[in-house]
Amino acid sequence: MPELCLLCWAVLLGLGHACPEPCDCGQKYSFQIADCAYRDLEAVPPGFPANVTTLSLSANRLPALPGGAFDEVPLLQSLWLAHNEIRTVAAGALAPLGNLKSLDLSHNVISDFAWSDLHNLSALQLLKMDSNELTFIPRDAFRSLRALRSLQINHNRLHSLAEGTFTPLTALSHLQINDNPFDCTCGIVWLKTWALATAVSIPEQENIACSSPHVLKGTPLSRLPPLPCSAPSVQLTYQPNQDGAELRPGFVLALHCDVDGQPAPQLHWHIQTPGGTVEITSPNVGVDGHVPPGAPAASGKPRFQAFANGSLLIPDFGKMEEGTYSCLATNELGSAESSVNVALATPGDGGEDALGHRFRGKTADGKGCYTVDNEVQPSGPEDNVVIIYLSRAGSPEAAVAAGVDPEQQPPGLLLLGPSLLLLFLAFF
Ligand SMILES: *[C@@H]1O[C@H](CO)[C@@H](O)[C@H](O)[C@H]1NC(C)=O
Ligand SMILES: *[C@@H]1O[C@H](CO)[C@@H](O)[C@H](O)[C@H]1NC(C)=O
Ligand SMILES: *[C@@H]1O[C@H](CO)[C@@H](O)[C@H](O)[C@H]1NC(C)=O
């Protein structure tokens with residue numbers, strides 16, 4: 001029983017002298033060192049003394065660092081893992097190492113890294129992750145690394161970096177980000193500006209270059225020409241309204257979100273109705289108003305039709321469609337939002353809109369004419385002008401179905417304040 005005897009020896013020698021068989025352990029000054037470099041290891045071996053402060057596993061064949069890989073050695077200050085075959089660093093592998101000052105993960109193939117583990121490494125001074133396959137770094141990845149002096153993320157596959165990524169690194173003096181395939185769009189312009197202004201030393205500036213778009217390929221970031229970039233702005237507007245006009249049941253409400261911004265912002269609708277919240281990433285329909293074939297949603301015309309041109313059509317607008325309609329535009333430089341509250345009322349009656357604001361209606365000269373209680377305050381920023389217009393598309397069928405001539409009275413709407421829309425519905 002050789003295993004048993006090994007155990008006997010370990011007990012006889014005492015835990016203090018324990019060292020994994022392939023490694024050399026020793027002490028130098030106040031450091032307890034474990035050297036396991038160049039051993040062809042495919043996993044972190046077990047059996048380290050708990051007071052190891054320096055561990056070298058460089059130049060082995062480790063394929064991954066699983067959670068808990070270093071639980072035996074919580075006092076580690078230096079961890080050398082360069083030149084392995086590490087693809088994945090799992091959550092919980094590095095987080096327990098709250099005393100770590102130096103971490104070298106360079107020359108691996110890391111594409112999957114548990115960035116949240118870095119939030120616990122507040123003592124870290126050196127982080128080498130160069131020559132890996134990282135494609136992305138979360139904006140808050142370095143938020144706890146207030147002691148970090150040197151960061152090396154060169155020779156990866158980073159296409160972009162979020163503005164503010166390096167802001168928490170108040171002790172940083174050396175940064176290597178060269179040889180990444182940067183996508184020189186508006187989202188990277190901040191990096192050029194920051195790199196020119198910062199006191200951090202950033203070597204190899206000529207190799208911090210664009211790999212796309214094609215016309216800028218090879219251009220160093222420092223010589224990036226000015227790009228036409230602007231944060232989104234949105235406007236909700238409406239066609240000339242016709243105060244007092246009455247609408248037929250089943251009319252189509254059309255909101256239009258007019259968006260500016262470079263690059264072209266992504267549009268998103270957020271709709272709060274009595275029945276619940278609806279989120280729509282625009283567009284959800286093709287130009288014909290139908291769900292494109294192959295889309296997961298049920299085919300046909302959805303309840304809310306968001307078109308690529310920024311229009312939102314709500315066929316069969318009724319009580320269930322009352323509520324708050326918000327249009328959100330986002331691009332690399334930011335986002336902007338505009339909202340409108342839509343409430344339906346019957347002429348002569350008062351009521352409450354979806355937000356609980358009370359309003360009164362009264363009829364004068366046979367036309368719809370409405371007053372609103374003083375306490376009604378349109379919600380939303382005053383400068384959010386909302387584009388709203390009422391489309392007649394769809395309304396003829398509805399009106400015909402209701403037995404009236406669609407041409408007789410055009411649909412209209414009354415806009416109260418910049419963001420409260422009251423619609424008056426005529427029942428025949
Ligand atoms: C680590 O622990 C062993 C035994 O427990 C002891 O002999 C050694 O001196 C310790 N090393 C350091 C650096 O404290
Ligand atoms: C973070 O580090 C401390 C030691 O500094 C440790 O006690 C704690 O368990 C670590 N947190 C996690 C989530 O591992
Ligand atoms: C957007 O497209 C829809 C469908 O083609 C159309 O009904 C609507 O009028 C368009 N909006 C604008 C502002 O052109």
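As the structure lists them, so they are numbered: ligands from 1, and atoms in each ligand from 1.
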Colleague: Can Pro49 be said to touch ligand 1, with heavy atoms closer than 4.0 Å?
Modeller: no
Colleague: Take the angle between the ring planes of Phe166 and Phe142 and call it parallel below 30°, perpendicular above 60°, tilted in between.
Modeller: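 The rings of Phe166 and Phe142 lie parallel, inter-plane angle below 30°.
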Colleague: For the 3.5 Å polar cut-off, considering only N or O atoms, please tell me whether Asn309 and ligand 3 meet it.
Modeller: yes
Colleague: At a 4.0 angstrom heavy-atom cut-off, what protein residues surround ligand 2?
Modeller: Ala95, Pro96, Gly98, Asn120
Colleague: Going by disulfide bond (SG atoms under 2.5 Å apart), name the pairs with one or both residues in residues 37-110, residues two or more places apart or in two chains.
Modeller: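 Not a single pair qualifies under disulfide bond (SG atoms under 2.5 Å apart).
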Colleague: Do Glu332 and Thr185 get their side chains close enough for a donor-acceptor pair, meaning under 3.5 Å?
Modeller: yes
Colleague: Using a 4.0 Å cut-off to any heavy atom of Val287, which atoms of ligand 3 qualify?
Modeller: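 Numbered from 1, ligand 3 contributes 4 (C), 5 (O).
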Colleague: Could you tell me whether some N/O pair between Ser30 and ligand 1 is separated by less than 3.5 angstrom?
Modeller: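 No: no nitrogen or oxygen of Ser30 is under 3.5 Å from one in ligand 1.
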Colleague: Kindly write out the residues that satisfy salt bridge (charged side-chain N to carboxylate O under 4.0 Å, His left out) with Arg149, not counting sequence neighbours, or none if the list is empty.
Modeller: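 Here no residue qualifies.
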Colleague: Classify the ring geometry between Phe113 and Trp115 as parallel (under 30°), tilted (30 to 60°) or perpendicular (over 60°).
Modeller: perpendicular
Colleague: For Glu321, what residues pass the salt bridge (charged side-chain N to carboxylate O under 4.0 Å, His left out) criterion, not counting sequence neighbours?
Modeller: Arg303
Colleague: Say whether His256 and Ser311, considering side chains only, have a donor N or O and an acceptor N or O under 3.5 Å apart.
Modeller: yes
Colleague: Counting from 1, what ligand 3 atoms have a heavy atom of Ser311 closer than 4.0 Å?
Modeller: 1 (C), 8 (C), 10 (C), 11 (N), 12 (C), 13 (C)
Colleague: Starting from the C-alpha separation in whole Å, work towards a yes-or-no answer on salt bridge (Lys or Arg N to Asp or Glu O under 4.0 Å) for Asp24 and Arg39.
Modeller: CA-CA 11 Å; Asp24 293 319; Arg39 304 292 204 280; 3.0 Å; yes
